[in-house]
Amino acid sequence: MLNPLRQWRAKAKPLLSFSPQPLNFLFFTNPLSVSALESIDDEVSPIDTSDPLRFLARQIVTGFNTIGPRRVLCCPEFKTLVLSLNAKQVEDIIDFLREKNPKCAVVLFNLLKNDLGFQHCRISWFVVAHILAKKRRFNKLREVLQEFVDHEGSGSAPVLCELLLKRFRGWDSNGQVWDMLVSVYSRNELVQDALFVLAKMKKLNFQPFISTYNNLLYNLRHTDIMWDVYNDIMENGIRPTEYTNAILIDGLCKQYKMEDALAYFSEKERKDISPSLVSLNTLMSGFCKMGFTGVAKSFFCLMLKYGLVPDTYSYNILINGLCVAGSMEEALEFAYDMEKQGLEPDNITYNTIAKGFRLLGLVSGAWKVMQKVLLRELDPDLVKYTLLICGHCQIGNTKEGFKLLKEMFLRGFQMSIISYNVLLSSLCKSGRVHEAKKLLHEMESNGLNPDLTTYSILISGFCRQGEVEVAILLYKDMCSKQIFPNSFSHGAILSGLCETDTINVARMYFDSLVKIDLVVDVVIYNIMIDKYAKIGDVGEAVKLYMQIIEKGIMPTVVTFNSIIYAFCKMGKLAGARRWLEVMKVHGIVPSIVTYTTLINGCSEQGNTNGMLKLLWEMEAEAVEPNSITYTVVIKGLCKQGKMPESLEILDDMYCKGLLPDQITYNIIIQSFCRTRDIRNAFLLHDDMLMHNLQPSAATYNILIDALCQYGELKDADWLHTVLQNQGVRLSKVALTTMIKAHCAKGDVYKAKELFQQMAELGFNVTLKDYSAVINRLCNRSFIVPAKSFLHMMLYNGISPDEELCTMMLDTFKQVGEFSSAFELLSLMIKSGLLPD
DNA sequence: GTAGGGTTAG
C-alpha cells in the first residue's frame, strides 16, 4: 500500500489554483443552509469569497449541517478540493472552525484522517484535543492523543511540550490535555516521555489527576522510580486512592520486596484506611510467588476479618499458590469452598488445577491420593467431575476422562465447555487429533459453542501432527465465528506450526502477526527464534533478536537461551559465550537452562575443561545444577570414553538427591554398548530396576541393537521373550533391528514371525521396512523368502518403488531366476515403473 | 490495580 502521506502530496496542488466557484454545489436551496451559514459567523455578512480558506470552512459547515458529513465527503468536487490542500491549510481551517463550530472541526479532522488518510500537522491534533478536553469528552481525547502519540513515537515529548507551551498556553482545558498526554505516554510504556511531560506540568503549576499518577505508577512499578512518583503525589498534596495503594504493593511484590510491601500495607492500615480486596489479593499473589502459601492463607483470613468477601481472583491466586507448592489437597478444598460461596470455578481455576495435577503427576502414587480426596463425598457434582477429568487427563488417562464425561452426561449434568477442553487437550497431546476433532463435533451437537481455548488446542494439535491444512481450516472456521485469537492462542498456533517440517509456514504466520503488531509479545518472538535456533540458523535468530530490541521489547532469559543454543549447535562456542555476556549486560540472570545449554556445547566438542569451568561458574552464580545438567556432563564424559568418571557422576547424583532418569542411564548404556561392553550395559540396566526406574523403550532399543550387532542373536531373542512375558512392549525400532539381524543371519522363519508380530502390535509397517528385509534377503540370495515378503507387501496394499524393484531384478538375474524376473517386470510395468 | 495459559537445556 502506498503511504497515505505520499498519496496526499502527490495530489496536492498549490493553493493558488484554488477558486471558490466550483464549490457552489455546497449551497443548498434548503432554508437550513442559510441559518447554518449564519451560525458560523456572528455578523451575517454576505459571502466573502476573497479569503478562500475561510470560505471553504464555511461551506464545509453548511454541507455538514445540511446533507451530513458523509455525503459531503462523497462529493467528488469536495474531495478534489480538499485533497489539494496541505496540512498547514487544513490546520487553519480546523482552527477557524474551532471557534465557530468546534463539532465540525472534530468531524472534519476525523473524516480527513480516517477516510482520506490525511496526515494532519501537530497543531491540528492539539487543536482537536483541546476541543475535546473543553467538552469533557475524555475518552475521545484519550483516543485522539493515543493515536497521536503512536504516530509521534518514543522521545517525542520535548517537541510536543514545546508546542503545547508556545502555541496553546492559556487555552481552555490546556491542563487536561497535558494531563492526558502524560497518561497516554505512560500507557504506551513510554515512561521517559511521560516523566518529561510531568516535569513540565509541574513548572506550569498544572496538577495531574490521581488517575494519571496511577497510570504512571503502574508502568513504573518494576522500578525504584515508582517512589519518585509517589513522593510527587504526596508533595502535591494529592490523596492516593485505593488503586494507588494496590499498585504500590504490587510493585513492591514484583520487585520481591515483600517486607516493604507489608510495611506499606500496615502503614495504610494504621492510618485507618481499610484495605481493599485488590491490595490483599496482590499481597497473597506476591507471597504465593515466593512460595509462602502460609502467609498467603493468613491474608485470606484477614480478608474475612475485615468483612471483605474473597472474589474469584482471591481464590484463583491462592489455588495457584497451593498447586505450585504441591498442596493439591488444599487447593481442591479451596476450589470446593469457592463453589459453596457461590463463585463458580472458572477456566483459570481449572487450568491452574490441571497444572497442579501435572506437576504432581511426577510424584508416584500422588494421583491415587488425589482421586480419593475427590471422591470422598460419594456423589460428585459438576466441579468434582471436571476436576476428576482434569486429573485423569493430566496423568494421560484419557479413557477414564471419557468415561466420566459419559457418566456426567447420563446423570443429566449441564455439560461445561471446560470438561471438553480438558479432554481435547489430552487427546491432542497424545497426537490423537482426529478423535479430538470428532469430540469437537460432539460438543457442538450438544449445544456447546467451542471457544478460543477449544480452537487453540485443536489448531496447535493438528499443527504438531503436521496436518497444517486441517489447522488452517479450523482457524478459518474460528474466525468466521467472530472468535479472534489473542496473544496466547497465537503463541500456541505458532509453536504448533514450528513443529511442522518447513519453517516457511511458521514464518509466514509470524510475519502476519508482526504486521498487525497488536499481539506480538516477547514469547511470540521467542518461539520463532527458537525454531531458527533448532535448525541452526544463527543469522535469522539474531536478526529477530535485533527486531525485539528495536521495538523496545525486553528480551527474556528464554530469548537468550535459544540464541545461545543456536550458537552451540553450530559449534560456535565463543559466540555462545559472548551472548552470555550480552545477556548479563541486559540485567538478565542466566538460568540453569543457559548453563546446561553451554555445558552441552562444550561436551559436544569434547571440551572437558570448558564443562568444568562452566560448572564452577554456575556455582559462583548460585545456580544449582539439576539432573539434566549432570546428564549433559555424563554425556560429555561418555563421548570421550571416560566411563569410570561417568559412573562417578552418576553416584554423585544419587548422593545429591538429584535422581537420574532413563535418559541419563540410556546415555551411559549406549556408551558401554559402543565399546562392546554389553556386560556393563546390562549391569546398568539392572541398576535402573534396583532404583525403581523403569527402562524406557529407548533403553531396550539400545540393548537389543547391541545384542544384534555384537552379541548373540539368541540373547536378543531371549530378552525379547522375557520382556514379552513381563508385558513390556518393544518399540518398532527394536523389532526392526531384530528382523534385520535375523534376515542377515538367514533365519527367515524368525524374521517373518517378528515381522508379523510388528503388524499385529499395530505398528505402521512401511515400504521402508519391507525394503530393508527384502534387501538383506536378496543379499544372501534367499530368493523364495524375498518373493514371499514382496507378496506380503503387495497383499497389504503397499507398492514397491523403483529402487526396490531394480535391486530385486538384479538379484533375480544374477542367480538365474528368470521367471521371477519376468514376473517382477510385469508388476513393474503395471505399476508404471519401467526399468531402463 | 489483582489470577493461568503460548516459548528454552540432556
Side-chain angles (χ1 to χ4, degrees), chain A residues 211 214-215 217-218 221 241-251 253-254 276-286 288-289 310-321 323-324 345-356 421 425 452-453 456-457 459-460 485-496 498 519 521-531 533-534 556-566 568-569 590-601 603-604 625-636 638 660-664 666-667:
Chain A
S211 56
N214 286 345
N215 232 323
L217 268 182
Y218 179 70
R221 70 196 191 289
T241 61
E242 261 182 19
Y243 295 168
T244 321
N245 295 332
I247 295 166
L248 267 157
I249 292 174
D250 186 39
C253 291
K254 291 256 172 356
S276 70
L277 188 61
V278 177
S279 287
L280 280 160
N281 283 346
T282 307
L283 275 171
M284 282 207 311
S285 164
C288 281
K289 286 207 174 96
D311 62 1
T312 315
Y313 280 93
S314 323
Y315 277 101
N316 283 344
I317 288 167
L318 201 50
I319 289 171
N320 184 47
C323 283
V324 172
D346 60 5
N347 245 319
I348 297 179
T349 322
Y350 289 113
N351 265 335
T352 308
I353 289 181
K355 179 184 69 184
N421 284 348
S425 152
L452 182 56
T453 316
S456 307
I457 292 168
I459 292 171
S460 69
N486 59 16
S487 161
F488 277 90
S489 38
H490 278 306
I493 294 164
L494 183 64
S495 56
C498 283
V519 288
D521 57 14
V522 68
V523 177
I524 299 283
Y525 270 101
N526 286 349
I527 295 168
M528 204 65 235
I529 288 177
D530 189 60
K531 177 65 178 173
K534 288 286 183 302
T556 65
V557 65
V558 177
T559 321
F560 287 105
N561 289 346
S562 292
I563 292 177
I564 289 174
Y565 177 94
C568 288
K569 188 180 165 80
S591 68
I592 191 162
V593 178
T594 321
Y595 282 111
T596 309
T597 308
L598 279 163
I599 293 175
N600 190 46
S603 109
E604 288 291 322
N626 63 11
S627 59
I628 300 182
T629 320
Y630 279 113
T631 304
V632 168
V633 173
I634 288 175
K635 202 176 100 185
C638 284
D661 63 5
Q662 284 94 342
I663 300 179
T664 321
N666 290 349
I667 287 168

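What's counted below: heavy atoms across the whole structure, side chains too, no hydrogens, waters or symmetry copies. Just so you know, these numbers come straight off a predicted model, no measurement behind them.
At B:dT2, one or more side-chain N or O atoms of A:Y218 fall inside 4.0 Å of OP1 or OP2 (strictly under the cut-off). Under 4.0 angstrom from either OP1 or OP2 of B:dG4 there lies no side-chain N or O belonging to A:N316. Distances shown here put every side-chain N or O of A:K534 at or beyond 4.0 Å from the OP1 or OP2 atom of B:dT8.
Side chains of A:N526 and A:T556: a donor-acceptor N/O pair is present below 3.5 angstrom, by distance only.
Ranking B:dT8, B:dG4, B:dA9 by closeness to the A:D530 side chain, first place goes to B:dT8. You'll find that the side chain of A:A492 is closest to B:dG6, out of B:dG6, B:dA9, B:dG10. Candidate nucleotides B:dG4, B:dT7, B:dG1 were compared by shortest atom distance to the side chain of A:V558, and B:dT7 ranks first. Comparing B:dA3, B:dA9, B:dG10 against the side chain of A:N320 picks out B:dA3 as the nearest. Closest contact between the side chain of A:V593 and the listed nucleotides B:dT2, B:dG4, B:dT8 involves B:dT8.
When each of A:T629, A:T631, A:N626, A:N561 is paired with A:T596, the side-chain hydrogen bond (donor to acceptor under 3.5 Å, both in side chains) condition holds for A:T629 and for no other.
No donor-acceptor pair under 3.5 Å is formed between the side chain of A:D530 and the backbone N or O of A:A533.
Counting any heavy atom pair closer than 4.0 Å across all strands shown, A:I317 reaches sugar-phosphate atoms only and no base atom.
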